[in-house]
Engineer: 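For reference, the structure I am asking about is given below.
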Number of protein chains: 2
Amino acid sequence: MSNIREVARVAGVSVATVSRALSHPEKVSPASMKKVKQAIEEVNYRPNMLARNFRSAKAYSIVVLVPDIANPFFSLVIRAIEDQAQKRGYAVLLGDTQDSGAKEKEYIRLVETRLADGIIQLRPHSPDAPTNKALGLPYINLCGTEDTPGPCIRIDNVLASKNMVDYLISLDHKRIGIITGLRGNPHTMDRMKGYKQSLAEAGIEFDERLIAEGEYSIWSGVNAANKLCGLDKPPTAIMCMNDEMAIGAVQSLKSHGYAVPQDISVTGFDDIDYARYCDPPLTTISQPAEDMGKIAVDLLLRLIEGEELSKEEHVLPYDFIVRKSTDKAKEG
Amino acid sequence: MSNIREVARVAGVSVATVSRALSHPEKVSPASMKKVKQAIEEVNYRPNMLARNFRSAKAYSIVVLVPDIANPFFSLVIRAIEDQAQKRGYAVLLGDTQDSGAKEKEYIRLVETRLADGIIQLRPHSPDAPTNKALGLPYINLCGTEDTPGPCIRIDNVLASKNMVDYLISLDHKRIGIITGLRGNPHTMDRMKGYKQSLAEAGIEFDERLIAEGEYSIWSGVNAANKLCGLDKPPTAIMCMNDEMAIGAVQSLKSHGYAVPQDISVTGFDDIDYARYCDPPLTTISQPAEDMGKIAVDLLLRLIEGEELSKEEHVLPYDFIVRKSTDKAKEG
DNA sequence: TTGTAAGCGTTATCAA
DNA sequence: TTGATAACGCTTACAA
């Protein structure tokens, strides 16, 4: 494979001139430029970026850590990250952790060993995650919560959740079930907080029995809804902490003979593509996935370029989307 | 940041010994090993992989080109690719092309400039794609068709499609509509071929009017189904070339007052997660996404390591999955 | 504007 | 088993 020396030889100039022609064209005379270009053509030269990166001590790549790339909401965000990163000249290293601390660690090592310049992590902050010990590395948290230390980009989950319950209450619902994520998950805690706030404001007593724990998968939504169906007095509305669980819940309710929304209203969270096409289409919260991804990249690159952002927080607006999965409560 | 020289100095050995201690531990005496390990701890040394890669002229990373990461089937495959690549010591650079030739080119350049060692592309072969001109680079095609040149991993789309139509015919369907992808797409062509084969074998005449063109999105499935609904004699079954279009079709049929499957049967392709949870759950073809991803990585690494695989083809088995979206035809 | 040459951190060759 | 040293391809002072 041809290298810069070869080009210099063919062009009849020095390697420095070739290097300059490529990186700082303004510092090279038109005559040299032409010779260099011709030589590059002639020997079919492709700069060795491995050498350039090594020399400049930058990898021009960022790691994106995600618990599961198959989650449709995450893949939307990642698509935006990839796009913006490429525009800014960075490659995206995909780190699908599957919630494994070991995998997470390996990706952190990529940054420690200079193979990547920084990390964007999609998931709420967790105090015992390896990413916390790697502090000092350029790191941006995406989709986190208020408790996330360092720069983060998110929506206000408490508020969004409260909005949703407020809306259900405005439809005269009083027994509002909730299908949560795992108890310790910060999203779960935030969204639960909004749920409780809304109930409290409306003077509705909080009822422990109306809570069913899931873990953000469709299947867990089915199970949780089964549990709520089995109550003496099932809820007239169920708020789910994401769309997948809502889709599972709807399926479960139907199989138990309940019509959605006539008998029971169901709501989701995230507004993934399928929220719009399932039956009935889901009332849900839409997070600005594309903006989040783009902002995350821009912020991370500022960190990589040495800027200090100690606690920059971007709380983005969300959309409240009403579709057909919610209706007036049957009973007063 | 500390380097190998620093470690050598602290350990009181030469840089060569430190390097060997890390890469070829068996060539180092226990005594030196111990000193090196201590020194590494002491100065908190992390090898600079940028330098290692440069020196060894390998990036230890592969590019995965995908038309759209938000497609659930692709994300399943990518998850498997990431997992296997990490196990083999390679990083995955995500290239979401959005069907843009320009983006595709930039990722090919990553390989040409040594920043990546090879490419796995998820999508059928297309004669005018930039990836074809980049021949000579380690390249594996995934989810392609029979026409794909070079090593590829796929299922037999013609056969799978024929199986599906055979099944519908066995349920007494005779007017079987088909919602296709874009006409020129090799998957579309293969699956259409299977459709026609099955009809021909059953002695059912091919009817141009029963074809509706989509482009593999939910929305296009809605549109295509709208068209089929408008026929004088709508089909009694509709085979869709992927699950997304099937989900869209089901929604359209319902909104036109048709019950699925009582009035019209619908089938999908790919068996994405939602196929199982939509209403009704889809009869579909399941592709072995995980095996495909794993095999692709193993094959690509063989190419990267210099092996010749000129035309290795892996045609994997698929599963035929019967769920509730198909039923006996109403009329004889 | 151009060329010479040092140096980035590692690995590998060779000699001891 | 170890150490000295050249080399990988590029960028960039510095000198001309």
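No hydrogens, no waters, no symmetry mates; every other heavy atom, side chains included, goes into these values. As the structure is a prediction and not an experimental result, all values here were calculated from the model. Reminder, nothing fancy here: chain letters follow the sequence lines and each chain counts from 1.
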Engineer: Between C:dC8 atom P and B:Arg55 atom CZ, what is the distance in whole Å?
Structural biologist: 16 Å

Engineer: Working to the nearest 0.5 angstrom, can you tell me the gap between B:Ile108 CD1 and B:Leu65 CG?
Structural biologist: 7.0 Å

Engineer: Taking only side-chain nitrogens and oxygens of B:Ser19, does any of them come within less than 4.0 Å of OP1 or OP2 of C:dT11?
Structural biologist: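 The answer is yes; a side-chain N or O of B:Ser19 sits under 4.0 Å from OP1 or OP2.
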
Engineer: Nearest to the side chain of A:Arg20, heavy atoms from C-beta on, is which of D:dT12, C:dT11, D:dT2?
Structural biologist: D:dT12

Engineer: Does A:Asp298 come within less than 4.0 Å of A:Arg88, counting only side-chain N to carboxylate O?
Structural biologist: yes

Engineer: Do the side-chain N or O atoms of A:Ser29 get closer than 4.0 angstrom to the phosphate oxygens (OP1, OP2) of C:dT1?
Structural biologist: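 The answer is no; no side-chain N or O of A:Ser29 sits under 4.0 Å from OP1 or OP2.
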
Engineer: What's B:Val15 touching, base or sugar-phosphate or nothing? Going by heavy atoms closer than 4.0 Å.
Structural biologist: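 Since a base atom lies under 4.0 Å of B:Val15, the category is base.
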
Engineer: Closest nucleotide of DNA chain D for B:Glu26 versus for A:Ala51: which of these residues is on the 5' side?
Structural biologist: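 Of the two residues, B:Glu26 wins.
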
Engineer: Let's see if you can work this out: which of C:dT2, D:dT2, D:dG9 has an atom nearest to the side-chain heavy atoms of B:Ser32?
Structural biologist: D:dT2

Engineer: Could you tell me how far apart A:Lys27 (NZ) and D:dT12 (C1') are, to the nearest whole angstrom?
Structural biologist: 9 Å

Engineer: What's B:Thr17 touching, base or sugar-phosphate or nothing? Going by heavy atoms closer than 4.0 Å.
Structural biologist: sugar-phosphate

Engineer: Take the protein atom CG of A:Asn48 and the nucleotide atom C1' of D:dC8, then report the distance between them rounded to whole Å.
Structural biologist: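 Going from CG in A:Asn48 over to C1' in D:dC8 covers 9 Å.
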
Engineer: To the nearest Å, give me how far apart CG (B:Asn53) and P (C:dT10) are.
Structural biologist: 12 Å

Engineer: Which residue, A:Val13 or A:Arg114, contacts DNA chain C at a nucleotide closer to its 5' end, judged by nearest heavy atom?
Structural biologist: A:Val13

Engineer: Hey, what's the ring geometry for A:Tyr60 with A:Tyr90, parallel, tilted or perpendicular (30° and 60° as the breaks)?
Structural biologist: tilted

Engineer: If I take atom CZ in residue B:Arg52 and atom C1' in nucleotide C:dT10, what distance separates them, rounded to the nearest angstrom?
Structural biologist: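 These atoms are roughly 10 Å apart.
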
Engineer: Looking at A:His24, does any N or O in its side chain come under 4.0 Å of the phosphate oxygens OP1/OP2 on D:dT12?
Structural biologist: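 Answer yes for this pair, as a side-chain N or O of A:His24 is under 4.0 Å from OP1 or OP2.
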
Engineer: What is the nucleic acid contact for A:Ser56, judged by heavy atoms within less than 4.0 Å: base, sugar-phosphate only, or nothing?
Structural biologist: nothing

Engineer: So how far is it from B:Ile62 CD1 to B:Leu110 CG, rounded to the nearest 0.5 Å?
Structural biologist: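 One gets 12.5 Å once the value is rounded to the nearest 0.5 Å.
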
Engineer: Check the distance between C:dT2's C1' and A:Arg9's CZ and give it to me in whole angstrom.
Structural biologist: 19 Å

Engineer: Atom OH of B:Tyr45 to atom P of C:dG9: distance rounded to whole Å?
Structural biologist: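 In whole Å, C:dG9 P lies 10 Å from B:Tyr45 OH.
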
Engineer: Grab the CZ-P distance between B:Arg5 and C:dT10 for me, whole Å please.
Structural biologist: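 To the nearest whole Å, that distance equals 8 Å.
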
Engineer: With respect to A:Asp83, which candidate in A:Gln86, A:Lys87, A:Arg79 satisfies the side-chain hydrogen bond (donor to acceptor under 3.5 Å, both in side chains) definition?
Structural biologist: A:Lys87

Engineer: Counting only side-chain nitrogens and oxygens, does B:Ser14 get under 4.0 Å of the OP1 or OP2 atom of D:dT2?
Structural biologist: no

